[in-house]
Amino acid sequence: MNIRFTKMHGAGNDYIYVNTLLYPLEEPEKLAVEWSCRHTGIGSDGLVLICPSEIADFSMRIFNADGSEAKMCGNASRCIGKYLYEEGLTAKSEVTLETLSGIKVLKLHITHNNTVDTVTVDMGQPSDIHKVQLGDGYCFSDGIAVSMGNPHLVIFVDDLSKVNISEIGPLLERHPLFPDRVNVEFAQILKNGDIRMRVWERGSGITMACGTGACATAVAAAHCGKSGRTSSIIMDGGTLQIKWDSADNHVYMTGPAVRVFDGEINVNE
């Protein structure tokens with residue numbers, strides 16, 4: 001059986017997208033591992049399924065490169081908005097998307113040539129914001145825990161270039177404080193007020209960007225008085241604009257969505 005897919009990325013956070021309305025998939029956990037491999041597969045940070053929904057316009061399922069299912073991905077949700085509009089699956093400029101962390105609202109910014117270049121996502125309210133003590137053996141004494149529908153640990157550093165993320169990232173991902181594992185962000189406040197951030201994603205490792213991680217970083221910085229409620233989060237793959245609105249306590253994320261290529265892959269029945 002041949003499956004049509006689309007490779008897309010948001011700030012370098014790349015996923016394989018499949019429209020399950022046309023191509024229902026069995027064992028997506030297994031396919032995520034096979035297809036995500038950058039040497040023997042398509043190459044990605046994971047697999048995203050675009051699905052129908054009874055409570056929103058569409059729904060999303062996302063599987064990390066290790067096959068584990070994530071509750072939410074900000075970068076993937078923006079790309080879904082672009083896909084839905086440009087494929088003619090919706091004519092709306094505001095789309096509701098069901099995720100495992102609730103319904104998200106996507107505001108599509110449509111260009112004069114009828115394409116979508118950026119999307120603003122209402123990421124909802126952050127929760128469970130608190131300081132955690134990491135203990136011995138983790139290089140850092142403390143961090144800020146933030147939930148954006150999925151768990152994050154934000155650690156502020158003076159010099160991000162000196163952090164060995166490939167070494168400390170997997171240790172912190174499996175810290176005993178987080179029995180379901182955690183996404184880890186390392187953040188440096190720049191002189192102009194922007195925030196430089198790198199991420200170790202739960203289930204995927206180092207990625208070019210993380211949308212929920214950018215939101216968690218902005219919230220943690222504002223919570224600690226290191227920034228205001230509007231931040232530019234600069235990641236390896238690009239920059240996201242994050243606003244933690246004081247009126248409704250929601251976090252709004254704006255950033256790019258890029259279509260890389262379309263392809264077809266065979267799945268043995």
Query raised in the report: Phe261 vs Phe5 aromatic rings, parallel, tilted or perpendicular, using cut-offs 30° and 60°?
Result: perpendicular
Query - Any Arg198 side-chain heavy atom under 4.5 Å of Asp236 side chain - result: yes
Side-chain atoms of residues 216-230: list all donor-acceptor pairs with protein atoms under 3.5 Å, sequence neighbours left out, distances to 0.1 Å.
from	atom 1	to	atom 2	distance (Å)
Thr217	OG1	Gly213	O	2.8
Arg229	NE	Trp244	O	2.8

Query raised in the report: Ser232 and Thr239: side-chain donor and acceptor closer than 3.5 Å?
Result: no
**Report entry** Side-chain donor or acceptor of Ser77 paired with backbone N/O of Gly74 under 3.5 Å
**Finding:** yes
Query raised in the report: Cut-off 3.5 Å, side chains only: do Gln125 and Asn249 have a donor facing an acceptor?
Result: yes
Query - Heavy-atom neighbours of Glu264 CD exceed 12 at 6.0 Å - result: yes
Query raised in the report: Any chance the rings of His9 and Tyr15 have centres within less than 6.0 Å?
Result: no
Query raised in the report: Can you check whether Pro151's main-chain N or O pairs, donor with acceptor, with Asn183's side chain at less than 3.5 Å?
Result: yes
Query raised in the report: Under 4.5 Å between any side-chain heavy atoms of Met72 and Lys104, yes or no?
Result: yes
Report task. Begin from the C-alpha positions of Val105 and Val121 and carry the test side chain to side chain contact (heavy atoms under 4.5 Å, CB included) through to its verdict. Result -> CA-CA 6 Å; Val105 179; Val121 184; over 6 Å; no
Query - Side-chain donor-acceptor pair present, Asn164, Ser166, cut-off under 3.5 Å - result: yes
Report task. Spell out, as yes or no, whether a donor-acceptor pair under 3.5 Å connects the side chain of Thr115 to the backbone of Thr111. Result -> no
Query raised in the report: Would you say Asp45 and Arg38 make side-chain contact, with heavy atoms under 4.5 Å?
Result: yes
Query raised in the report: Judged by atom type as modelled, is there a donor-acceptor pair below 3.5 Å linking the side chain of Lys71 to the main-chain atoms of Ser101?
Result: no
Report task. Quick one: do Ile55 and Ile103 satisfy side chain to side chain contact (heavy atoms under 4.5 Å, CB included)? Show the steps, please. Result -> CA-CA 8 Å; Ile55 58 174; Ile103 295 176; 4.0 Å; yes
Requested in this report: Mark yes or no for whether Asn64, through its side chain, and Arg202, through its backbone, hold a donor-acceptor pair below 3.5 Å.
Outcome: yes
Query raised in the report: Will you find, in the side chains of His250 and Asp122, an N or O donor that is under 3.5 Å from an N or O acceptor?
Result: yes
Query - Distance-only side-chain donor-acceptor flag, Ser53 / Ser59, under 3.5 Å - result: no
Query raised in the report: Backbone N or O of Asp128 within a donor-acceptor pair of the His130 side chain at under 3.5 Å?
Result: yes
**Report entry** Gap separating the CD1 atom of Ile189 from the OG atom of Ser231, nearest 0.5 angstrom
**Finding:** 7.5 Å
Query raised in the report: When rounded to the nearest 0.5 angstrom, what is the spacing between CD1 in Ile233 and CE in Met253?
Result: 12.0 Å
Query - Polar contact flag, side-chain donor to acceptor under 3.5 angstrom, Asp142-Tyr138 - result: no
**Report entry** Polar side-chain atom of Thr20 near backbone of Tyr23 as donor-acceptor pair, under 3.5 Å
**Finding:** no
Query raised in the report: In a check of side-chain contact (heavy atoms from CB on, under 4.5 Å) between Phe63 and each of Val33, Ile16, Leu49, which one passes?
Result: Leu49
Requested in this report: Mark yes or no for whether Arg196, through its side chain, and Gln188, through its backbone, hold a donor-acceptor pair below 3.5 Å.
Outcome: no
**Report entry** Separation of Thr118 OG1 from Leu240 CG (nearest 0.5 Å)
**Finding:** 11.0 Å
Query - Charged N-O contact under 4.0 Å between Lys7 and Asp14 - result: yes
Query raised in the report: Stepwise, does the side-chain hydrogen bond (donor to acceptor under 3.5 Å, both in side chains) test hold for Thr212 with His152?
Result: CA-CA 8 Å; Thr212 55; His152 292 269; 3.0 Å; yes
Report task. Please confirm whether the backbone N or O of Asp262 pairs with a side-chain atom of Arg4, one donor and one acceptor, at under 3.5 Å? Result -> no
Requested in this report: Determine yes or no for a side-chain-to-main-chain donor-acceptor pair under 3.5 angstrom, with Glu34 supplying the side chain and Thr40 the backbone.
Outcome: no
